There are 2 protein chains.
Amino acid sequence: MSETLPLPKTSKKRKQLIDHALRLFGQHGIHAVGINEILATSGVAKKTLYNHFVSKEALIQACVLERDSRFMTWFEQACDKADSTASLIECVFDALDNWVNDRVDILGHFNGCFFVNTAAEYSKQECVIYQHCIQHKNNIKALFQLRLTPYISDEIQRNNLVELLLLLKEGVINCAHVMNDKQSAVKAKTLALAYV
Amino acid sequence: MSETLPLPKTSKKRKQLIDHALRLFGQHGIHAVGINEILATSGVAKKTLYNHFVSKEALIQACVLERDSRFMTWFEQACDKADSTASLIECVFDALDNWVNDRVDILGHFNGCFFVNTAAEYSKQECVIYQHCIQHKNNIKALFQLRLTPYISDEIQRNNLVELLLLLKEGVINCAHVMNDKQSAVKAKTLALAYV
DNA sequence: ATTATAGTATACCGATCTGTCTACTTTTTT
DNA sequence: AAAAAAGTAGACAGATCGGTATACTATAAT
């Protein structure tokens, strides 16, 4: 009877819990999903959950981190074939087009940006969950910066494109989500390419 | 003892309830806010709430409609001084800049787009609340179309600008919300003006 | 093979949720 | 002034919430 909490993060049950919780949170929001629903769909006992996480809050935090990890891995990979400014733009918006049209299994059924939706439910700046959401978007920004540096040496010019890409990316997500415009990524790609 | 439900929509108590509910929903999301919290902050009795609304769901629907009304009124007014494509762009992003920097009282403390956040909590297409959120964004699109028609006669050219404005507007909202970039509207304005 | 560990299933706790009900008071209408 | 309508305060019901405890089972390590 150890009762020492930190069970291995590689545990199969832990992954199951996060996987199902992420899908439910992503589909209905966080406050709308109860522990019991997560347990029922993941087929895990309640005690097992509380052996891995001290609270629902801890599970939520793990979900946010896992979502960031999955998203960044997928997005980095999608950008890997870029070898110029224009091709990076193509990669970015082709990837977004795949996502909003439900062709990316690892991201689940598209329901807007998980981090935007989650930040809206945890709006206090000092909240850890909110901070993780901010961090994710900064990771995206850093990715754009890093990937564009080889092709655009002028910092101001590069920063301007980074800002445009960030704005258009977020625009694509919202327009696809709440205007049901599944072509938004294609439109944004055209606009971004016209800019450069 | 009438028990016939539809009390006048002009009722002071009804407005109080919607007003406080909107602020709480906007700040924490909908599922995170309970009826009792709304009653406590609005200073209204529980029975009065249920005299005006058959359920929490009905109150939520009224809130979404009220938010749309407030937003459209404010946004229309902000666009009224525009007399050219360029000045409309200025009006739009100046308005957004005011909003995300908490200088628009009627919209309350900025916490991203209420309709995006709400749609994320009610993701089923057949859900009335979700449909109201979609409707709002279509209202915005129609506004752009209508306001640009006098200045851009070519339909394709006009549609392209409408799409750009929609993408940038949503981008501004998300970047301000979850990247904490309160300059996003200014940046978007520059980019939009460069496009035309 | 024994033993600690991690798991299941489920009852239970106190708190909170939406919604109803009663008793009373204030406001409005006639 | 009387009556109808709309309000308050709060107890209450039944369900569900997050989280704990108990009893038992399967797995894995020594």
Side-chain angles (χ1 to χ4, degrees), chain A residues 1-25 27-64 118 121-122 124 127-129, chain B residues 1-25 27-64 118 121-122 124 127-129:
Chain A
M1 58 166 77
S2 74
E3 301 303 334
T4 58
L5 194 101
L7 300 200
K9 294 203 172 182
T10 57
S11 159
K12 182 184 166 189
K13 294 292 169 184
R14 190 188 142 100
K15 285 177 190 287
Q16 275 182 42
L17 284 166
I18 292 178
D19 197 55
H20 287 88
L22 258 182
R23 202 176 60 250
L24 289 169
F25 289 154
Q27 210 59 225
H28 308 290
I30 291 176
H31 288 93
V33 177
I35 288 291
N36 294 322
E37 189 178 356
I38 297 169
L39 296 174
T41 68
S42 62
V44 168
K46 189 175 276 197
K47 191 171 188 192
T48 303
L49 187 155
Y50 284 101
N51 279 345
H52 285 280
F53 305 98
V54 293
S55 63
K56 184 189 183 185
E57 166 101 7
L59 171 61
I60 296 166
Q61 288 186 28
C63 283
V64 175
T118 300
E121 293 194 63
Y122 296 91
K124 288 188 188 169
C127 173
V128 177
I129 293 172
Chain B
M1 57 166 79
S2 74
E3 300 303 334
T4 60
L5 194 104
L7 301 201
K9 294 202 171 182
T10 57
S11 158
K12 182 184 167 188
K13 293 293 170 184
R14 190 188 141 100
K15 285 177 189 288
Q16 274 182 42
L17 283 167
I18 292 178
D19 196 55
H20 287 87
L22 257 183
R23 202 175 62 251
L24 289 169
F25 288 154
Q27 209 60 227
H28 307 291
I30 291 176
H31 288 93
V33 177
I35 289 291
N36 293 323
E37 189 178 357
I38 297 170
L39 296 174
T41 67
S42 61
V44 168
K46 188 175 278 196
K47 192 172 189 193
T48 301
L49 187 155
Y50 284 101
N51 280 344
H52 284 281
F53 305 97
V54 293
S55 63
K56 184 188 181 184
E57 166 101 7
L59 171 62
I60 296 166
Q61 288 186 29
C63 284
V64 175
T118 300
E121 292 194 64
Y122 296 91
K124 289 188 189 170
C127 173
V128 177
I129 294 172

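None of the values given here were measured: they were computed from a predicted structure. Throughout, a chain's letter reflects where its sequence line sits, starting with A, and its residues are numbered from 1. Just the heavy atoms: all of them, side chains too, but no hydrogens, waters or symmetry mates, feed the values below.
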### Query
Is any side-chain N or O of A/T48 closer than 4.0 Å to OP1 or OP2 of C/dA9?
no
Whole Å only: how far is the [atom1] atom of [X] from the [atom2] atom of [N]?
X: B/N51; N: D/dA9; atom1: CG; atom2: P; value: 15 Å
X: B/L39; N: C/dG19; atom1: CG; atom2: P; value: 11 Å
X: A/K15; N: C/dA6; atom1: NZ; atom2: P; value: 17 Å
X: B/I38; N: C/dC17; atom1: CD1; atom2: P; value: 11 Å
X: B/H52; N: D/dT8; atom1: NE2; atom2: C1'; value: 13 Å
X: A/K13; N: D/dT27; atom1: NZ; atom2: C1'; value: 12 Å

### Task
List the steps and the verdict of side chain to side chain contact (heavy atoms under 4.5 Å, CB included) for B/K56 and B/L49.
CA-CA 9 Å; B/K56 184 188 181 184; B/L49 187 155; over 6 Å; no
Does some side-chain heavy atom of [Y] sit less than 4.5 Å from a side-chain heavy atom of [X]?
X: B/V64; Y: B/F25; value: no
X: A/E57; Y: A/I129; value: yes
X: B/V128; Y: B/Q61; value: yes
X: A/L24; Y: A/E37; value: yes

### Query
Taking all non-hydrogen atoms of both residues, which atom of B/H28 and which atom of B/V33 are closest, and how far apart?
CB-CG2, 3.9 Å
Between protein and nucleotides 12-20 of chain D, what N or O pairs are separated by less than 3.5 Å?
{"residue": "D/dG18", "atom": "OP1", "partner": "A/I35", "partner atom": "N", "Å": "3.3"}
{"residue": "D/dG18", "atom": "OP1", "partner": "A/K56", "partner atom": "NZ", "Å": "2.9"}
{"residue": "D/dG18", "atom": "OP2", "partner": "A/I35", "partner atom": "N", "Å": "2.6"}
{"residue": "D/dG19", "atom": "OP2", "partner": "A/Y50", "partner atom": "OH", "Å": "2.9"}
{"residue": "D/dG19", "atom": "OP2", "partner": "A/K56", "partner atom": "N", "Å": "2.7"}
{"residue": "D/dG19", "atom": "O5'", "partner": "A/Y50", "partner atom": "OH", "Å": "3.4"}
{"residue": "D/dG19", "atom": "N7", "partner": "A/K46", "partner atom": "NZ", "Å": "3.0"}
{"residue": "D/dG19", "atom": "O6", "partner": "A/K46", "partner atom": "NZ", "Å": "2.6"}

